[in-house]
Amino acid sequence: MMGHTPADDHATAAELAAEAGRLLLRVRDELGFADARALKDTGDLRAHEYLMAELAERCPGDAVLSEEGRASVAGKRSAGDDRAPTGNTADADRLAADRVWIVDPLDGTREFSEEGRSDWAVHVALWVKGELAAGAVALPAQGVTLRTSPDGALAGDAPLRVGPPEPGRLRVAVSRTRPPEFVQRLAGILDADVELVPIGSAGAKISAVLQGVVDAYVHAGGQYEWDSAAPAAVALAAGAHASRIDGSPLVYNRTDPRLPDILVCHPVSASTLLSGIQAVGDALPG
């Protein structure tokens, strides 16, 4: 493709995330849930290979950073498939590039491998010259894709705008398997009735903020750029606050892709949550 317009980029992110999601639903139908490891590995690999192939064809001059393109997964195989995943763009080339796609082919492998769960996602984001320029989060088992557009954010074809919390109440998304002590302490000091809501993947949690299921997502337990780039792009386009937990901006396409913490909420809640986070951090030993 010669040249890119913003409209092209928004459409590409949405189309690829949605189609990768449909592919993952077909993998679930094909393999079933008896062998969770085979299902996870097959889903990861097939979605990754699809996204890499499509980006290579549609955007041949762009760099790519995918969770499944890391060297650490070079030996991963799907059931009956002896191919290794296509690698990411070399770090030196990626860091020098003006355009970098940051993707997570399957966000929430645990939830994907459990029958009946819908809190997993596909992330496709585009970084351009220092900023997130487009992004989409497909929630395939929910039948919806949240995405950026030239005019803001969309849920399917409907405008998407993050809503404020109810006065005196705050619902906070947390891990369903290991709710962090950090967030539990935060809930204890906020001047509000705080409900901790277990949700699966990072993309599903941030999407829940944008869909009004919860009011905030606070995470400080370690993540990578591909865990948050696409949902952060959609959140910002929907008018949400999205930052590090110290209030600093989320920065992408760095040498080290670790991006360990994040806060997503309605702007009206940001100062209260950031102050509470600082208070909890000051109170922690060491």
Side-chain angles (χ1 to χ4, degrees), residues 9 12-14 16-21 23-24 40-41 43-56 59 62-74 76 85-91 93-95 97 99-112 119-128 130-140 145-148 175 199-207 217 219-236 242-244 249-262 264:
D9 293 332
T12 295
L16 295 189
E19 183 54 40
L23 180 156
L24 287 165
K40 292 175 184 178
D41 289 353
D44 266 336
L45 180 58
R46 290 192 189 173
H48 169 81
E49 293 285 6
Y50 165 77
L51 291 173
M52 296 294 279
E54 286 294 314
L55 288 170
C59 311
D62 293 355
V64 180
L65 174 63
S66 168
E67 178 180 16
E68 296 307 310
R70 294 172 296 159
S72 62
V73 298
K76 184 181 287 187
T86 306
N88 288 326
T89 305
D91 283 348
D93 294 332
R94 172 174 63 82
L95 295 171
R99 294 169 52 90
V100 181
W101 293 91
I102 303 174
V103 304
D104 189 343
L106 175 51
D107 175 54
T109 54
R110 177 195 288 265
E111 289 74 25
F112 172 73
D119 47 349
W120 52 276
V122 178
H123 298 177
V124 179
L126 174 64
W127 174 98
V128 177
E131 302 290 339
L132 293 173
V137 179
L139 302 164
T145 297
L146 310 184
R147 58 192 176 94
T148 60
S175 170
I199 299 175
S201 76
K205 292 184 183 77
I206 296 172
S207 296
Y217 172 45
H219 179 80
Q223 287 183 348
Y224 291 84
E225 291 186 15
W226 45 76
D227 292 309
S228 66
V234 180
L236 291 167
S243 72
R244 302 286 300 272
L250 297 162
V251 179
Y252 294 91
N253 194 36
R254 300 161 306 151
T255 303
D256 183 349
R258 287 179 293 182
L259 191 54
D261 55 76
I262 189 171
V264 179

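Note that this is a predicted model, so its numbers are computed, not measured. Residue numbers count from 1 along this sequence. All values below come from the heavy atoms of this structure, side chains included, with hydrogens, waters and symmetry mates left out.
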For [X], check salt bridge (Lys or Arg N to Asp or Glu O under 4.0 Å) against everything at least two apart and list the hits.
| X | value |
| --- | --- |
| D93 | none |
| E19 | R22, R26 |
| D119 | R117 |

Using side chain to side chain contact (heavy atoms under 4.5 Å, CB included) as the criterion, list what pairs up with [X], not counting sequence neighbours.
| X | result |
| --- | --- |
| E131 | none |
| L55 | L16, V64, W101, V103 |
| A63 | T89, R94, A97, V100 |

side-chain hydrogen bond (donor to acceptor under 3.5 Å, both in side chains) involving [X] - partner list, sequence neighbours excluded:
| X | value |
| --- | --- |
| Y252 | S228 |
| T148 | H10 |
| S201 | D107 |

query: What distance separates T109 OG1 from L24 CG, expressed to the nearest 0.5 Å?
result: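 Here the interatomic distance stands at 11.0 Å.
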
Distance-only donor-acceptor hits, side chain of residues 132-140, under 3.5 Å, sequence neighbours excluded:
none

- request: Just jot down the ring pair (Phe, Tyr, Trp, His ring centres under 6.0 Å) partners of W120, sequence neighbours excluded, or say none.
  value: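 Checked W120 against ring pair (Phe, Tyr, Trp, His ring centres under 6.0 Å); matches are F112.
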
